[in-house]
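One structure is given here, and the rest of the page talks about it.
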Amino acid sequence: MAAFDPWDPAFLADPYPAYADLRAKGRVQYYEPTNQWLVPQHADVSALLRDRRLGRTYQHRFSHEDFGRTPPPAEHEPFHTLNDHGMLDLEPPDHTRIRRLVSKAFTPRTVERLKPYVARLAGELVDGLVRKGGGDLLGDVAEPLPVAVIAEMLGIPEADRGPLRPWSADICGMYELNPPEDVAARAVRASVEFSEYLRGLIAVRRDEPGDDLISGLIAAHDEGDRLTEQEMISTCVLLLNAGHEATVNATVNGWYALFRNPDQLAALRADHSLIPSAIEELMRYDTPLQLFERWVLDDIEIDGTTIPRGAEIAMLFGSANHDPAVLQDPERLDLTRPDNPHISFSAGIHYCIGAPLARIELAASMTALLEKAPTLTLAAEPERKPNFVIRGLEGLRVEVE
């Protein structure tokens, strides 16, 4: 069994046995290579996500020096400016203010209105896959669907959408543990290019508002809900990145799991009413976001161990989603699982604002594939991306007989 090692290909191929070992060792363990405290058990992860003694940032209370941390290198500044003004890396009151504005675009009624558009687009993408007799499920269906949906919501013209996914992939490289300098350089370049593009689009929308989220944020600002241009840019990038990254990886991780569990795939093909519970189970079974980090703002204690202010906690979502303390037989894929308290969408104030939309997208693509490609089979064993935090595949080759 591979030990916990985020850079070991054997661990990346299947991290879940190593998680079981971590859970057996205790509720918290210090991991020197990343200078983090690993938290592997479901109860602790769930509680800490709601614990206000932890924060996604510390800069609302401390300077880097006061917190005992080295400031990021000056050459990384464009990435951190972009990242640090998005609501995922803010704490109240700034987080509350921005989330309140953005949540207007993700009300149940708004998301429900998107259903026909999402279903139609998913059907068209799957039709294209079927006409070719197969292809790459990642590139042909999983990626284009959520990217198009969030771009449509933001009001990004169709002709401008080509760079969105590459920019997103490069920026998200910085969320891996100890990213090397070449990854950081790509993230910085993408941050500059994406920010410049959005700055120009915001200027256009000021003069020519439309029925889109960017226009809505501009209007809210003008009506007194203060939102700086940088906050607007960072919010749009976060929505684009978070709005498709998890959905893309949940789709391919999920279908790969189904191909490896033919009894469950057969049950799903026989009964499409299982789709809602299947989505929850597949997101649990091979979690798209494996780790979520928080800073310790005030000393906390876990199982007799004091974690001091200034430390960083790594909450292992993938491990929590396989914890037998809350899940019966967690290593088994069960699309009918009646009680599924997975935390793949996080919890607390940073609970994924786009979770309802992600579920609609996942259901639309799964429905289209089950209906239009009932003979879908795996054409070749996929290659895993060499990432740990954001878990996905390089591609998923499939055939349609």
Side-chain angles (χ1 to χ4, degrees), residues 111-153 158 161-162 164-165 243-286 288 333-337 344 354-383 391-401:
V111 172
E112 194 68 22
R113 281 206 306 264
L114 284 169
K115 259 187 175 179
Y117 169 72
V118 176
R120 184 176 72 253
L121 183 55
E124 291 169 357
L125 292 169
V126 172
D127 283 339
L129 184 77
V130 171
R131 279 195 300 272
K132 294 190 300 180
D136 179 12
L137 191 61
L138 178 82
D140 292 340
V141 178
E143 277 187 351
L145 177 64
V147 171
V149 171
I150 199 68
E152 193 75 17
M153 290 182 71
E158 202 165 330
R161 295 175 186 176
L164 297 181
R165 176 65 174 162
H244 80 272
E245 197 71 44
T247 308
V248 170
N249 293 318
T251 302
V252 291
N253 289 350
W255 275 95
Y256 185 42
L258 288 170
F259 290 137
R260 286 177 292 137
N261 291 268
D263 62 320
Q264 294 298 296
L265 179 54
L268 182 61
R269 282 174 169 157
D271 182 3
H272 293 185
S273 71
L274 292 177
I275 288 174
S277 63
I279 288 168
E280 304 305 314
E281 175 68 348
L282 291 166
M283 290 199 71
R284 177 203 72 81
Y285 184 75
D286 203 4
L333 182 67
D334 179 5
L335 303 187
T336 64
R337 189 177 293 276
S344 300
L357 179 59
R359 287 184 169 108
I360 284 174
E361 292 169 346
L362 290 166
S365 66
M366 182 172 283
T367 300
L369 286 163
L370 290 170
E371 291 179 352
K372 295 172 178 287
T375 60
L376 193 72
T377 55
L378 185 65
E381 278 297 311
E383 185 179 336
R391 181 169 172 80
L393 302 172
E394 296 285 5
L396 190 65
R397 304 295 305 180
V398 294
E399 291 177 350
V400 182
E401 293 179 7

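Reckoned from all heavy atoms, side chains included, excluding hydrogens, waters and symmetry mates.
Across Ala257 and Leu333, no two heavy atoms sit closer than the pair O-CD2, 4.0 Å. The nearest pair of heavy atoms linking Tyr117 to Ala148 is OH-O, 3.8 Å. Nearest heavy atoms, Val252 versus Ala142: CG1-CB, 4.0 Å. Of all heavy-atom pairs between Pro146 and Val248, the closest is CG-CG2, 3.8 Å. Smallest separation of non-hydrogen atoms from Val118 and Ala364: CG1-CB, 3.6 Å. Closest approach of Pro382 to Gly395, counting heavy atoms only: CB-O, 3.3 Å.
In terms of modelled atom types and a separation under 3.5 Å, the side chain of Ser344 and the main chain of Met283 share a donor-acceptor contact. Between the side chain of Arg269 and the backbone N or O of Pro374 there is at least one donor-acceptor pair closer than 3.5 Å. A donor-acceptor pair under 3.5 Å links the side-chain atoms of Asp334 to the main chain of Thr336, judged by distance alone. A distance-only check finds a donor-acceptor pair linking the side chain of Asn253 to the backbone of Arg391 [under 3.5 Å]. Judged purely by atom type and a 3.5 angstrom limit, Ser277 uses its side chain to pair as donor or acceptor with the backbone of Leu335.
For Lys372 and Glu124, the salt-bridge test fails: no basic side-chain N is under 4.0 Å from an acidic carboxylate O.
A distance of 12.5 Å separates CG of Leu265 from CZ of Arg260, quoted to the nearest 0.5 Å. The CG atom of Leu282 lies 9.0 Å from the CH2 atom of Trp255; values are rounded to the nearest 0.5 Å. Here Leu376 contributes atom CG and Leu129 contributes atom CG; the two are 6.5 Å apart, rounded to the nearest 0.5 Å. Between Leu138 atom CG and Asn249 atom CG the span is 7.5 Å, to the nearest 0.5 Å. Summarising the geometry, atom CG belonging to Leu274 is positioned 10.0 Å from atom CE belonging to Met366; distances are rounded to the nearest 0.5 Å. With values rounded to the nearest 0.5 angstrom, Ile360 atom CD1 is found 11.0 Å from Thr247 atom OG1.
Put simply, the side chain of His244 does not reach to within 4.5 Å of the side chain of Glu361, judged on heavy atoms. With contacts defined as side-chain heavy-atom distances shorter than 4.5 Å, the pair Leu369/Leu137 qualifies. Put simply, the side chain of Leu370 reaches to within 4.5 Å of the side chain of Ile275, judged on heavy atoms. Put simply, the side chain of Leu114 reaches to within 4.5 Å of the side chain of Met153, judged on heavy atoms. Side-chain contact between Glu281 and Gln264: absent, with no pair of heavy atoms (C-beta onward) separated by less than 4.5 Å.
For Thr377, the side chain to side chain contact (heavy atoms under 4.5 Å, CB included) partners at least two apart in sequence or on another chain are Glu399. Shown here are the side-chain hydrogen bond (donor to acceptor under 3.5 Å, both in side chains) partners of Glu280, two or more places apart in sequence or in another chain: His342, Arg359. Scored by the side-chain hydrogen bond (donor to acceptor under 3.5 Å, both in side chains) test, Ser273 finds Asp271 as partners (sequence neighbours excluded).
Within a 6.0 Å radius of NZ in Lys115, no more than 12 heavy atoms belonging to other residues, nucleotides or ligands are found.
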Criterion side chain to side chain contact (heavy atoms under 4.5 Å, CB included) on Leu268 and Leu258, from CA distance to verdict: CA-CA 9 Å; Leu268 182 61; Leu258 288 170; 4.0 Å; yes

Between Tyr256 and Asp286, is a side chain to side chain contact (heavy atoms under 4.5 Å, CB included) present by the stated rule, with each step listed? CA-CA 10 Å; Tyr256 185 42; Asp286 203 4; 5.6 Å; no

